[in-house]
Amino acid sequence: MKPAADAAHCDDLMKALEGFREYAAPVVRSWGTSLAERLGAGARLLVAGNGGSAAQAQHLTAELVGRYREDRPAFSALALHADTSSTTAIANDYGVQEIFARQVAAHGRTGDVLMLLSTSGTSANLLVAAKEAHRLGMSVWSLTGPAPNPLEGSADEALCVDAAAAATVQELHLVAVHMLCESFDRAVADQVPCDGGRRADTDADEDSDADSEAEDRV
């Protein structure tokens, strides 16, 4: 007797999840550490995807601008599909393939990171965005379905989910997003507080001013 369709979906997910931890954890751990260093130094994360992958992209940026678990400073992260006025204007004037690349050109800077999500790894507008990001000196990371695929080849680093169904790939992309948030928060917590240096400088300036006032009174 064949399992019901809904149960079969769960079976597919469990099967894909078995090996996911082994090959995903080192990649995500590296990304989280790198992202904490870069964003802590003032860089920005740009994220893009189409359809369900766009929702995943916005999920990630929301966790970084807001918070994942514990309270921490806000960090700069933009989901490129979320600006509907820009996206539709670019699609109308330049074509749908340019909707992300044009925004990368506007917002991206050397040292920033562009993360691209695609279950197929073949989305033309993401491939064009990757090319533009490299032109600007940005790092490109991709979350895709099974390798090989064009987006994996266009990225500096890729995490390719080994699953046959697009729905299963997308579900594991969400797992990867949460793993990345865990890694990022851990790395941020291990760093010196972002305002630590400024506080020390301010305290030193206040002490210096106090000494000067004391000398003037003498």
Side-chain angles (χ1 to χ4, degrees), residues 21 24-49 52-87 100-117 126 129-130 132-134 136-143 155-159 170 172-210:
R21 179 177 179 176
V27 177
V28 172
R29 190 176 302 117
S30 173
W31 286 0
T33 301
S34 177
L35 207 55
E37 293 173 354
R38 296 190 193 206
L39 269 56
R44 175 179 291 160
L45 173 68
L46 306 181
V47 194
S53 294
Q56 303 278 31
Q58 196 165 358
H59 187 131
L60 173 58
T61 58
E63 304 284 24
L64 296 178
V65 175
R67 68 176 185 181
Y68 177 58
R69 292 185 187 275
E70 304 299 327
D71 195 26
R72 53 151 170 73
F75 292 91
S76 182
L78 297 174
L80 298 182
H81 74 281
D83 184 348
T84 54
S85 294
S86 292
T87 300
F100 299 132
R102 186 78 176 177
Q103 293 182 76
V104 169
H107 300 301
R109 300 291 184 269
T110 300
D112 288 350
V113 177
L114 174 65
M115 179 175 285
L116 302 171
L117 289 77
L126 300 182
E132 178 63 19
H134 281 138
L136 294 172
M138 298 174 63
S139 296
V140 178
W141 301 344
S142 66
L143 267 176
D156 297 301
E157 300 178 45
L159 175 53
Q170 205 156 69
L172 289 181
H173 280 184
L174 180 56
V175 175
V177 164
H178 285 160
M179 290 171 67
L180 177 57
C181 291
E182 290 275 7
S183 177
F184 176 83
D185 280 7
R186 190 177 304 112
V188 168
D190 289 341
Q191 292 177 350
V192 176
C194 294
D195 58 352
R198 292 197 296 274
R199 285 177 179 167
D201 292 342
T202 301
D203 291 344
D205 291 341
E206 290 175 351
D207 290 343
S208 178
D209 292 342

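What you see is a predicted model; the values in this text were computed from it and never measured.
- Between Phe184 and Phe75, the ring planes are perpendicular. Angles over 60° get that label, and only those under 30° would be called parallel.
- Two residues are said to be in side-chain contact when any heavy atoms from C-beta on lie closer than 4.5 Å; Thr33 and Arg186 fail this criterion.
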- Can you list the steps and then say if Leu143 with Leu116 is a side-chain contact (heavy atoms from CB on, under 4.5 Å)? CA-CA 6 Å; Leu143 267 176; Leu116 302 171; over 6 Å; no
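- For Asp185 and Arg72, the salt-bridge test passes: some basic side-chain N is under 4.0 Å from an acidic carboxylate O.
- In this structure, the salt bridge (charged side-chain N to carboxylate O under 4.0 Å, His left out) partners of Glu132, at least two apart in sequence or on a different chain, are Arg135.
- For Glu37, there are no salt bridge (charged side-chain N to carboxylate O under 4.0 Å, His left out) partners, not counting sequence neighbours.
- Remark: Arg21 engages no residue in a salt bridge (charged side-chain N to carboxylate O under 4.0 Å, His left out) (not counting sequence neighbours).
- Looking at Arg38 and Ser34, their side chains do bring a donor and an acceptor atom within 3.5 Å of each other.
- The CD atom of Gln103 sits 4.5 Å away from atom OG1 of Thr87, with the distance rounded to the nearest 0.5 Å.
- Here the CG atom belonging to Leu64 is positioned 7.0 Å from the CG atom belonging to Leu180, to the nearest 0.5 angstrom.
- Between Leu159 and Trp31 the shortest side-chain heavy-atom distance falls below 4.5 Å.
- Considering all non-hydrogen atoms of both residues, Leu45 and Leu39 come closest at N-CD1, 4.1 Å.
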